[in-house]
Amino acid sequence: MAQSAQEVLKMIQDNNIQLIDLKFIDTPGIWQHLTLYQDQIDESSFTDGVAFDGSSIRGWKAINESDMAMVPDPKTAWIDPFMKEPTLSMICSIKEPRTGEWYSRDPRSIAQKAIDYLVSTGLGDTAFFGPEAEFFVFDDVRFDQKENHSFYFVDSVEGRWNSGRKEAGGNLGYKPRYKEGYFPVAPTDTLQDIRTEMLLVMQKCGVPIEKHHHEVATGGQCELGFKFATLIEAADYLMTYKYVIKNVGKKYGKSITFMPKPLFNDNGSGMHTHQSIWRDGQPLFWGDGYANLSQMALHYIGGLLKHAPALLALTNPSTNSYKRLVPGFEAPVNLAYSQGNRSASIRIPLSGGNPKAKRLEFRCPDATANPYIAFAAMLCAGIDGIKNQIDPGEPLDVDIYDLSPEELNKIPSTPASLEAALEALEHDHAFLTETGVFTEDFINTWIEYKLDNEVNPMRLRPHPYEFSLYYDV
């Protein structure tokens, strides 16, 4: 992979690249792009950027101050495998062209400020993140919302609900049972070849790949794995992951969704996020404490747990997120930590005595999150825990299903809705803004955007299940 502007320009020349595709992420977390003819890119593009109108990007500039510049990162260059004409793709950060400053609402620039803040504290110089984003593969997706009707319909040849359906060539009956879709072999797992292609194409796009497998839910739930990386690299890889998976799926006539809870009564899709801090090439989370954690790691956990209700407004930022965060589906609803309990919001994976593998796994997030914002916010919360020596309390190493209601009431839970998480963020965000990583403007814009475009519109609309409950009253 290229490391400099000069190497990218040589790659363009050596591969006879005609088109350059510049990608950047909007505030909610969707890639946007602009495609340029190759003579529009030179060395200055990597410092001054390429001008564009930012007024049409969600959560960004007003029309009277819309001029912005996207600055490509040469380390993210790869040849797009889905384009007919040779096209070089690069991921960009956003600058204010009038001042030359990085744009305060640009998620990738916020992520860089989080790393700069870590370094400034002297606590570490590198934060590693390893997200595990689950997704569903559907064969048919239909939804609509009008004044007089509302519906969604998703279907999968693997769906257990289709065990009695007449199918072309006959229904062979290989449908994963509800909550039993983890690791079945073919013919029950029908998606092996698609996942393999997804994984190998990711590698061609510069993502360091590891594995793929079927996930717990029926109806085509899957996960691919890539190696942990530094904060910004991990977010870049995750966006490439989503891009590749969706486009390979489309090639096979499949539709991919990272919605946390597209199906009722089966497991949802999360994005368990592994994280650790290093300094001078040495891991700092290994120690002689609980589960071989250092005191720094335990305080980091304390920060995550303390700020979790506010964090979830950024790591679980959809109304659908909170349909996953309910008991009974391996959902991490308990704000506690454990080395084995997967219902705890923070799990300590086994590291086999290897200090470099020692990390913690925050299990609450899902892939509706903007990864640059989510990772930066988690790092800020963890650093706040370290700086203020926040005690995470006792670990939750018990079977929660055996606990009495009185014992359960003593364990804090995740917020029950996006609105509740946004309220928590409104009252608890100093750990984000006092660091200089996030601005008050960004936090206020985020809350306003989510309320105006997601929470309140959902509140206004009748839900189909309400007709089952109340139509005949």
Side-chain angles (χ1 to χ4, degrees), residues 28 134-167 171 173-182 215-222 254-271 309 312-313 316-334 343 364 366-369 400-401 405 408-409 413-423 450-473:
E134 299 162 334
F135 57 93
F136 278 88
V137 182
F138 290 131
D139 298 298
D140 188 24
V141 181
R142 290 176 280 128
F143 52 88
D144 199 7
Q145 173 74 54
K146 292 290 191 297
E147 285 73 14
N148 69 321
H149 75 258
S150 176
F151 82 95
Y152 72 90
F153 178 87
V154 295
D155 203 8
S156 165
V157 69
E158 287 192 357
R160 188 69 177 181
W161 56 84
N162 283 325
S163 60
R165 181 177 70 172
K166 289 185 177 180
E167 296 179 348
N171 189 330
Y174 296 111
K175 318 286 185 185
R177 297 179 185 89
Y178 295 106
K179 298 188 182 183
E180 294 185 25
Y182 198 62
E215 263 295 346
V216 175
T218 192
Q221 190 184 35
C222 297
K254 306 286 187 179
S255 179
I256 311 299
T257 183
F258 288 88
M259 277 182 69
K261 193 74 170 182
L263 297 180
F264 168 65
N265 213 30
D266 208 339
N267 282 33
S269 294
M271 186 178 71
L312 264 62
N316 301 70
S318 71
T319 58
N320 188 251
S321 298
Y322 299 86
K323 292 178 172 59
R324 165 183 169 252
L325 293 176
V326 295
F329 297 92
E330 294 188 12
V333 297
N334 300 293
S343 67
C364 292
D366 63 60
T368 60
I400 65 163
Y401 299 110
L408 275 174
N409 286 336
S413 299
T414 53
S417 67
L418 177 57
E419 184 174 18
L422 291 168
E423 288 175 359
K450 289 290 175 178
L451 288 174
D452 290 348
N453 294 280
E454 299 175 36
V455 172
N456 291 332
M458 279 289 292
R459 184 184 288 133
L460 287 172
R461 287 161 170 77
H463 189 284
Y465 191 58
E466 290 178 308
F467 282 79
S468 299
L469 294 172
Y470 309 124
Y471 188 76
D472 59 351
V473 296

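Model, not experiment: these values are computed from the prediction.
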Minimum heavy-atom distance Ser318-Pro260, with the two atoms named
OG-CG, 4.1 Å
Which atoms form the tightest heavy-atom contact between Arg324 and Pro332, and what is the distance?
NH2-CD, 3.7 Å
Backbone N/O of Lys179 and side chain of Asp266: donor-acceptor pair under 3.5 Å:
yes
Enumerate donor-acceptor pairs with a distance under 3.5 Å from any side-chain N or O in residues 464-473 to protein atoms, sequence neighbours excluded.
unit_1: Glu466; atom_1: OE1; unit_2: His463; atom_2: N; d: 2.6

Go through the steps to decide whether Gln221 and Leu263 satisfy the test side-chain contact (heavy atoms from CB on, under 4.5 Å), and finish with yes or no.
CA-CA 10 Å; Gln221 190 184 35; Leu263 297 180; over 6 Å; no
I'd like to check the side-chain contact (heavy atoms from CB on, under 4.5 Å) partners of Ala331; sequence neighbours left out, ordered by chain and number.
Val333
Is a donor on one side and an acceptor on the other found under 3.5 Å between the side chain of Asn267 and the backbone of Ala217?
no
Is the shortest side-chain heavy-atom distance between Lys323 and Pro262 below 4.5 Å?
no
Residues which pass salt bridge (charged side-chain N to carboxylate O under 4.0 Å, His left out) with Glu419, listed by chain and number, not counting sequence neighbours:
Arg459
Acceptor/donor pairs from residues 147-154 side chains to any protein atom, 3.5 angstrom cut, sequence neighbours excluded:
unit_1: His149; atom_1: NE2; unit_2: Asp144; atom_2: OD2; d: 3.2
unit_1: Ser150; atom_1: OG; unit_2: Gln145; atom_2: OE1; d: 2.9

Between CG of Leu418 and CE of Met458, what distance do you get to the nearest 0.5 Å?
10.0 Å
Residue list, side-chain hydrogen bond (donor to acceptor under 3.5 Å, both in side chains) with Asn162, at least two apart or on another chain:
Asp155
Here the pair of heavy atoms bringing Ala421 nearest to Ala313 is O-CB, 3.6 Å
Looking only at side-chain N and O atoms, does Thr368 offer a donor or acceptor that is under 3.5 Å from a partner on Asp366?
yes
Run the side-chain hydrogen bond (donor to acceptor under 3.5 Å, both in side chains) test against Asn453 and tell me which residues pass, sequence neighbours left out.
none
Apply ring-ring contact (aromatic ring centres under 6.0 Å, His included) to Tyr322 and list each qualifying residue two or more places apart in sequence or on a separate chain.
none
Exceeds 12 heavy-atom contacts within 6.0 angstrom, atom CZ of Arg177
no
Would you check if Leu422 and Val455 make a side-chain contact, meaning some heavy-atom pair closer than 4.5 Å?
yes
Just by modelled atom types, is the Glu158 backbone N or O under 3.5 Å from a matching donor or acceptor in the Thr218 side chain?
yes
Residues passing the side-chain hydrogen bond (donor to acceptor under 3.5 Å, both in side chains) test with Arg142, sequence neighbours excluded, are Asp140
From CG (Asn320) to NZ (Lys261), nearest 0.5 Å:
9.0 Å
Got a sec, which residues hit ring-ring contact (aromatic ring centres under 6.0 Å, His included) with Phe138, two or more places apart in sequence or on another chain?
Phe136
By salt bridge (charged side-chain N to carboxylate O under 4.0 Å, His left out) - contacts of Glu454 (at least two apart):
Lys450
Working for side-chain contact (heavy atoms from CB on, under 4.5 Å), residues Thr414 and Leu312:
CA-CA 8 Å; Thr414 53; Leu312 264 62; 3.8 Å; yes
Can you list everything that forms a salt bridge (charged side-chain N to carboxylate O under 4.0 Å, His left out) with Lys175? Sequence neighbours excluded, please.
Glu167
Give me the atom names and distance for the closest heavy-atom approach of Leu325 to Cys364.
CD2-O, 4.3 Å
Find the distance between OH (Tyr178) and CH2 (Trp161) and round it off to the nearest 0.5 Å.
6.0 Å
Specify the closest pair of heavy atoms between Glu134 and Phe258, including all atoms of both residues, with the distance to one decimal.
O-CD2, 3.4 Å
Report the residues that fulfil side-chain hydrogen bond (donor to acceptor under 3.5 Å, both in side chains) with Asp139, sequence neighbours left out, ordered by chain and then residue number.
Lys254
